[in-house]
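Proteins come first, then strands; the chains are lettered A, B, ... in the order of their sequence lines, and each starts at number 1.
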There are 2 protein chains.
Amino acid sequence: MSNHGEPRKRPETDLRLSRASVGRLSLYLRRLEELHAEGVGKVSSGLVGEALGVTDTQVRKDLASLGRLGHPGIGYDVSDLIAAIRSTLGIDREWSAALVGVGNLGRALLRYQGLAARNFRIVALFDTDPAKVGQVAEGLVVHPTSQLGEVLPPVGANLGILTVPASAAQNVADELIAAGVKGLLNFAPSVVRAPAGVSVVNVDLTMQLEQLAFLVHMAASERLD
Amino acid sequence: MSNHGEPRKRPETDLRLSRASVGRLSLYLRRLEELHAEGVGKVSSGLVGEALGVTDTQVRKDLASLGRLGHPGIGYDVSDLIAAIRSTLGIDREWSAALVGVGNLGRALLRYQGLAARNFRIVALFDTDPAKVGQVAEGLVVHPTSQLGEVLPPVGANLGILTVPASAAQNVADELIAAGVKGLLNFAPSVVRAPAGVSVVNVDLTMQLEQLAFLVHMAASERLD
DNA sequence: GGATGTGAACGACTTCACAGCG
DNA sequence: CGCTGTGAAGTCGTTCACATCC
């Protein structure tokens with residue numbers, strides 16, 4: 001689903017957090033924010049994991065990587081946990097992104113409130129279609145992708161969002177990287193690769209549809225017991 | 001990212017394919033279709049995995065679960081592999097889906113060509129917004145979500161796609177399940193749970209953004225060596 | 001020689017069991 | 001007593017090494 005580009009040589013032993021646990025930390029964070037909004041001040045590991053289908057032990061193991069935040073017999077302080085997870089994930093600051101490919105999906109992302117709620121801002125738009133260039137969407141002018149190298153650096157986005165056809169994805173990714181972007185969110189149905197120092201998350205809707213088809217397919221054949 | 005709903009009791013020992021390998025099979029399939037289009041007839045495990053960042057050994061292990069399709073010294077027949085993967089994933093037939101939530105993302109999915117290309121058809125639309133009910137999008141009328149129970153069963157969709165707010169996701173999921181749907185693709189930022197026999201894939205864009213933020217955040221601090 | 005298939009070693013992640021603290 | 005933190009055990013997935021076959 002996501003990778004770091006090149007296969008890494010070093011086993012990365014210093015990295016405390018496993019890939020899987022980072023995903024769960026996101027889930028915990030959301031759950032904790034819900035609980036916080038409900039006025040809950042202290043939580044147990046069981047309460048956090050319950051609605052998420054995660055065991056209490058697993059929650060404690062994950063939270064242990066943030067430091068010693070729990071109080072035996074009491075639980076965890078919700079606000080402390082929220083702050084610690086935000087800081088660990090690196091979302092206690094603002095991220096700015098360039099979006100390339102102002103099609104249906106690109107526009108949907110532009111209008112998606114969830115991005116702003118998490119301090120992700122889209123600060124530049126690009127498209128190759130001459131009919132789209134010059135248009136304004138959500139207060140941003142669409143620039144031609146060919147001018148990415150000149151337009152983007154002064155804006156200084158640290159992320160790139162790819163909502164382009166698969167055939168264009170790697171080329172656009174390379175241009176974004178050349179323009180200084182440090183992370184890529186790729187929605188094209190292709191595996192985008194990047195050099196060390198640039199992170200990539202491939203979303204790949206097609207793959208997830210096929211995962212679902214497989215699960216349903218399997219469940220159906222299991223029913224024939 | 002995706003789960004089967006309730007935590008399962010039985011370790012499901014009969015299931016040959018691991019979750020991770022199913023995802024890779026999707027990637028192989030896409031790569032093989034590219035190669036097929038280029039007129040390639042035989043491939044080696046190395047060639048399939050190369051552009052995907054997967055080792056040859058891993059490819060062979062994954063393909064082994066499809067049966068004995070390889071020929072030592074020669075490789076695999078591209079067409080055979082494509083057919084075998086399609087059949088294993090359960091995408092050698094048509095899947096029909098109801099889409100609930102005709103907002104920006106819902107509309108983007110409706111127009112997404114990749115669905116049709118993979119034999120996934122959206123056959124019914126629902127929304128709670130009275131302003132949207134009755135509208136026609138891509139040839140389909142938007143029905144009120146409240147009438148899901150009456151409208152959907154005669155149409156007979158086997159999947160449900162949720163592009164609704166997180167607060168509504170579980171309720172809508174329950175209604176879809178009651179209407180006979182066997183699989184759910186959930187785009188809402190929440191974990192949707194389903195009883196045994198119904199499969200769920202949670203896409204969760206927020207989580208993937210946070211994954212990316214974390215990776216970039218980590219890469220930045222590693223640079224201080 | 002060139003490539004597959006696969007047991008065995010290895011490593012990563014999860015669950016268990018329980019010590020320890022409030 | 002309730003709940004955390006964590007070594008140990010167990011499970012799952014990946015990589016290695018090599019026997020095997022065209």
Engineer: Taking OP1 and OP2 of C/dG5, is either one under 4.0 Å from a side-chain nitrogen or oxygen of B/Y76?
Structural biologist: yes
Engineer: From CG of B/D62 over to P of C/dT4, roughly how many Å is that when rounded to an integer?
Structural biologist: 13 Å
Engineer: Between C/dT4 atom P and B/D77 atom CG, what is the distance in whole Å?
Structural biologist: 13 Å
Engineer: Which pairs, with at least one residue in residues 114-123 of chain B and sequence neighbours excluded, count as a salt bridge (charged side-chain N to carboxylate O under 4.0 Å, His left out)?
Structural biologist: A/E210-B/R118, B/E33-B/R118, B/E94-B/R121
Engineer: Under the side chain to side chain donor-acceptor pair (under 3.5 Å) test, which residues partner A/T88, sequence neighbours left out?
Structural biologist: none
Engineer: Listing time: all N or O pairs from protein to nucleotides 15-22 of chain C that are below 3.5 Å?
Structural biologist:
| from | atom 1 | to | atom 2 | distance (Å) |
| --- | --- | --- | --- | --- |
| C/dT15 | O4 | A/K61 | NZ | 3.3 |
| C/dG22 | O4' | A/P72 | O | 3.4 |

Engineer: Expressed in angstrom and rounded to an integer, what is the separation of A/L69 atom CG from D/dG5 atom C1'?
Structural biologist: 12 Å
Engineer: Quick one: ring pair (Phe, Tyr, Trp, His ring centres under 6.0 Å) partners of B/F126, sequence neighbours excluded?
Structural biologist: B/H143
Engineer: Under 3.5 Å, which donor-acceptor pairs do the side chains of residues 160-176 of chain A form with other protein atoms, sequence neighbours left out?
Structural biologist:
| from | atom 1 | to | atom 2 | distance (Å) |
| --- | --- | --- | --- | --- |
| A/T163 | OG1 | A/V100 | O | 3.1 |
| A/T163 | OG1 | A/G101 | O | 2.6 |
| A/Q170 | OE1 | A/R193 | N | 3.0 |
| A/Q170 | NE2 | A/D174 | OD1 | 3.0 |
| A/Q170 | NE2 | A/R193 | O | 3.0 |

Engineer: Please enumerate all residues that pass salt bridge (Lys or Arg N to Asp or Glu O under 4.0 Å) together with A/D80, with sequence neighbours excluded.
Structural biologist: none
Engineer: In whole angstrom, give the distance that lies between atom CZ of B/R19 and atom P of C/dT14.
Structural biologist: 12 Å
Engineer: Rounded to whole Å, please give me the gap between CG in A/L66 and P in D/dT4.
Structural biologist: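 Whole-Å distance recorded here is 14 Å.
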Engineer: Rounded off to whole Å, could you give me the CG-to-P distance for the A/D56 and D/dT6 pair?
Structural biologist: 16 Å
Engineer: Apply side chain to side chain contact (heavy atoms under 4.5 Å, CB included) to B/S65 and list each qualifying residue two or more places apart in sequence or on a separate chain.
Structural biologist: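 Side chain to side chain contact (heavy atoms under 4.5 Å, CB included) list for B/S65, sorted by chain: B/L17.
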Engineer: CG of B/L63 versus P of C/dG5: gap in Å, rounded?
Structural biologist: 8 Å
Engineer: Specify the separation, in whole Å, of atom CG of B/L17 and atom P of D/dG13.
Structural biologist: 10 Å
Engineer: Any non-hydrogen side-chain atom of A/N104 less than 4.5 Å from a side-chain atom of B/L110?
Structural biologist: no
Engineer: In a table with atom names and distances, give each donor-acceptor pair under 3.5 Å that connects a side chain of residues 38-49 of chain B to protein atoms at least two apart or in another chain.
Structural biologist:
| from | atom 1 | to | atom 2 | distance (Å) |
| --- | --- | --- | --- | --- |
| B/K42 | NZ | B/D77 | OD2 | 3.4 |
| B/S44 | OG | B/L47 | N | 3.2 |
| B/S45 | OG | B/R60 | NH1 | 3.1 |

Engineer: Quick check on contacts: within residues 31-50 of chain B, what sits under 4.0 Å from DNA chain C by heavy-atom distance?
Structural biologist: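 Going residue by residue through residues 31-50 of chain B, the ones with a heavy atom under 4.0 Å of DNA chain C turn out to be B/S44, B/S45.
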